[in-house]
Structures are given as structure tokens and as C-alpha cells.
Amino acid sequence: MGFSDKTCTVEGCDRPASWSQAHHKIPWADGGRTSVEDGRLACSFHHHRIHDKAYRAIYLDNGKIRLIRQ
């Protein structure tokens with residue numbers, strides 16, 4: 001997957017890539033790689049949810065992200 005995505009990669013969201021931000025599964029500040037392979041696109045709304053401790057992000061094999069409220 002990576003940044004060839006055409007929409008936000010959170011399940012059920014179809015906001016276009018132009019409305020999305022780069023998100024890395026493991027942020028570089030935490031030792032993650034800032035590579036295209038590690039990246040996903042997330043619209044601003046979902047990108048904030050991914051970093052919200054009230055949600056858990058599950059990275060699916062199909063390149064999508066599932067958000068679950070904890």
C-alpha cells in the first residue's frame with residue numbers, strides 16, 4: 001500500500017488523498033522508519049483518532065486501518 005492510496009485508509013472512509021495526511025505506524029520519534037512502505041494516508045479527522053489514546057488502531061493486511069474505541 002503506502003502513499004499510492006487514493007483515499008484515507010481508515011475502514012469506511014472515502015475522503016480523498018488530497019484531504020489526507022501521512023501517518024506512520026511507528027512514528028520516527030519512537031524509532032520508526034519514515035518510509036513509504038510504513039506509511040498510510042489518514043484524513044485529518046481519523047489521523048487525530050489514531051493518536052487518541054481512547055482509540056486503538058489495528059493495521060490490517062489489506063492496508064486499511066481499523067479504529068476501535070477502547
Side-chain angles (χ1 to χ4, degrees):
M1 283 285 151
F3 296 117
S4 62
D5 301 316
K6 300 199 183 327
T7 63
C8 172
T9 58
V10 173
E11 282 186 319
C13 186
D14 62 358
R15 290 184 179 111
S18 61
W19 294 12
S20 299
Q21 304 163 351
H23 170 73
H24 291 90
K25 185 176 179 179
I26 303 171
W28 67 267
D30 295 334
R33 302 175 325 150
T34 54
S35 67
V36 173
E37 294 81 25
D38 187 46
R40 298 284 186 274
L41 289 180
C43 67
S44 181
F45 176 81
H46 286 120
H47 199 189
H48 284 90
R49 292 288 184 274
I50 291 168
H51 291 283
D52 185 335
K53 293 191 185 306
Y55 290 83
R56 182 168 54 120
I58 300 172
Y59 297 85
L60 306 174
D61 291 339
N62 66 0
K64 295 289 186 178
I65 301 170
R66 181 175 293 156
L67 293 174
I68 300 175
R69 187 161 174 87
Q70 300 198 73

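These values consider heavy atoms only, across backbone and side chains, with no hydrogens, waters or symmetry-generated copies.
R15 approaches F45 most closely through the heavy-atom pair NH1-CB, 3.9 Å. S20 and C43 get closest at one heavy-atom pair: OG-N, 3.7 Å. Taking all atoms of both residues into account, the shortest heavy-atom contact from G31 to I26 is C-CG2, 4.4 Å.
Under a 3.5 Å cut-off, the side chain of R40 and the backbone N or O of K25 do not form any donor-acceptor pair. Using a distance-only test at 3.5 Å, with no hydrogens or angles considered, a donor-acceptor pair links the side chain of D52 to the main chain of A54. Although no hydrogens or angles enter the test, the distance criterion places a donor-acceptor pair under 3.5 Å between the side chain of T9 and the main chain of L41.
Interatomic distance, C13 SG to H46 NE2, rounded to the nearest 0.5 Å: 5.0 Å. Distance check, rounded to the nearest 0.5 Å: CZ of R49 to CZ of R69 gives 8.0 Å.
Partners of L60 by side chain to side chain contact (heavy atoms under 4.5 Å, CB included), not counting sequence neighbours, listed by chain and number: E11, I58, N62, K64, R66. Annotation: side chain to side chain contact (heavy atoms under 4.5 Å, CB included) contacts of D14 (sequence neighbours excluded): none.
Classification of the H47-H23 ring pair by plane angle, with boundaries at 30° and 60°, yields perpendicular.
More than 12 non-hydrogen atoms from other residues, nucleotides or ligands lie less than 6.0 angstrom from NE2 of H51.
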